[in-house]
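Written below as structure tokens is the structure these notes are about.
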Amino acid sequence: MKTSKCNLWIAGGIALVAIILALPGRLHGQTAASQSSGGNGTSATRWSVQVDQVDSGNLDLAYSFQIAIYENLVDELNKTKQFQQVFRDGDLKASEVPNLLLLKTTVEKYTPGSETRRAVTTVSGATKLTVRSQLLTRAGTVVFEHTVNGNVRFFGSNLRATHNLAHNIAKAIKQSSWPDSGQPTAMGTGQL
């Protein structure tokens, strides 16, 4: 009885592996650059981005918030799959990439919140961040500039505001009209 159950599990595992291998799809380690450009005969130039350290401006922003914004930005930009590569500040490989944009983020407003006050009441204790994000070419041409907000109003830690902020920045970049092929052109500013 035990042998037949064991054989059934082995056969099921082999069938599952065979199905996974038979399905066409993108492998986990495969980059978007290695895939075709959609079969339309044109090869679009993919841009890479280097995320610079967050500038706290003249605000007294905790270093943990600056690091949390930075790490969440790297993570959220990778999730958009809009850029060929996302580099960290100081990555030497970035200097070898021909189509590189720099993302600069400056904190303009910060309102520290209180997790305790948020837990007790929903009308106070919100943590709020407002930043100015810019995408620049190596020559210093601004191709994207937005003022973006991030906050946590109800539940969650104060650092949750940094995740929401990074998500909103990535969303604004993805929805912006700067071209992701060819030479980017300067565009106006906006707020999200």
Side-chain angles (χ1 to χ4, degrees), residues 29-34 44-113 126-152 156-192:
Q30 190 177 13
T31 63
S34 66
T45 303
R46 294 283 316 260
W47 289 89
S48 294
V49 66
Q50 178 177 328
V51 181
D52 285 353
Q53 290 292 330
V54 175
D55 180 7
S56 64
N58 57 358
L59 299 174
D60 186 25
L61 183 67
Y63 189 64
S64 60
F65 268 79
Q66 293 176 43
I67 295 300
I69 293 169
Y70 177 79
E71 291 297 328
N72 284 315
L73 266 174
V74 170
D75 186 46
E76 289 295 322
L77 289 172
N78 273 318
K79 286 180 185 177
T80 66
K81 306 236 186 277
Q82 184 170 4
F83 298 102
Q84 185 172 358
Q85 289 180 296
V86 177
F87 293 101
R88 293 176 175 275
D89 193 15
D91 192 334
L92 298 177
K93 295 178 202 165
S95 63
E96 302 168 2
V97 176
N99 299 316
L100 184 70
L101 296 171
L102 305 172
L103 177 64
K104 297 194 179 288
T105 307
T106 305
V107 180
E108 294 183 335
K109 280 198 248 179
Y110 168 62
T111 306
T127 301
K128 300 176 184 176
L129 285 163
T130 301
V131 301
R132 185 182 73 239
S133 291
Q134 296 178 311
L135 276 177
L136 298 100
T137 63
R138 284 191 176 142
T141 304
V142 177
V143 296
F144 167 85
E145 183 172 9
H146 255 62
T147 301
V148 183
N149 299 311
N151 59 51
V152 58
S157 72
N158 288 334
L159 287 178
R160 178 72 181 170
T162 64
H163 174 268
N164 295 341
L165 175 71
H167 177 77
N168 291 343
I169 292 171
K171 181 179 175 182
I173 290 172
K174 190 168 185 169
Q175 292 176 347
S176 70
S177 62
W178 73 274
D180 59 353
S181 63
Q183 182 66 23
T185 56
M187 63 171 286
T189 61
Q191 183 165 353
L192 178 67

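Since the structure is predicted, the reported quantities are computational estimates derived from the model, not experimental observations.
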Side-chain heavy-atom pair Leu77, Leu103 within 4.5 angstrom cut-off: yes

Reported CD-to-CG distance for the pair Gln85 and Asn78, which is rounded to 0.5 angstrom: 10.0 Å

Gap between atom CG of Leu165 and atom CG of Leu73 - 0.5 Å precision: 6.5 Å

Heavy-atom side-chain proximity of Trp47 to Gln82 below 4.5 angstrom: no

Side-chain donor or acceptor of Asn168 paired with backbone N/O of Asn149 under 3.5 Å: yes

Distance, nearest 0.5 Å, that separates NZ of Lys171 from CG of Asn164: 11.0 Å

Non-hydrogen atoms of Ser133 and Ile169 that approach each other most closely: OG-CD1, 3.4 Å

Could you list the donor-acceptor pairs under 3.5 angstrom formed between side-chain atoms of residues 49-65 and any protein atom two or more places apart in sequence or on another chain?
| unit_1 | atom_1 | unit_2 | atom_2 | d |
| --- | --- | --- | --- | --- |
| Gln50 | NE2 | Asp89 | OD1 | 3.4 |
| Asp52 | OD2 | Lys104 | NZ | 2.7 |
| Asp55 | OD1 | Gly57 | N | 2.9 |

Residue pair Ile173 / Thr80, side-chain heavy-atom distance below 4.5 Å: no

Test log, rule side-chain contact (heavy atoms from CB on, under 4.5 Å), inputs His163 and Glu71: CA-CA 9 Å; His163 174 268; Glu71 291 297 328; over 6 Å; no

pair Leu101-Phe144: side-chain heavy atoms closer than 4.5 Å: no

Any Leu135 side-chain heavy atom under 4.5 Å of Val142 side chain: no

Salt-bridge present (Lys79, Glu76; N to O < 4.0 Å): yes

Taking every non-hydrogen atom, the tightest pair across Pro98 and Arg138: O-NH1, 4.0 Å

Minimum heavy-atom distance between Ala94 and Phe87, given as atom pair plus value: CB-CG, 3.8 Å

Separation between OG1 of Thr137 and CG of Leu100, rounded to the nearest 0.5 Å: 9.5 Å

Distance, nearest 0.5 Å, that separates NE2 of His146 from OG1 of Thr105: 13.5 Å

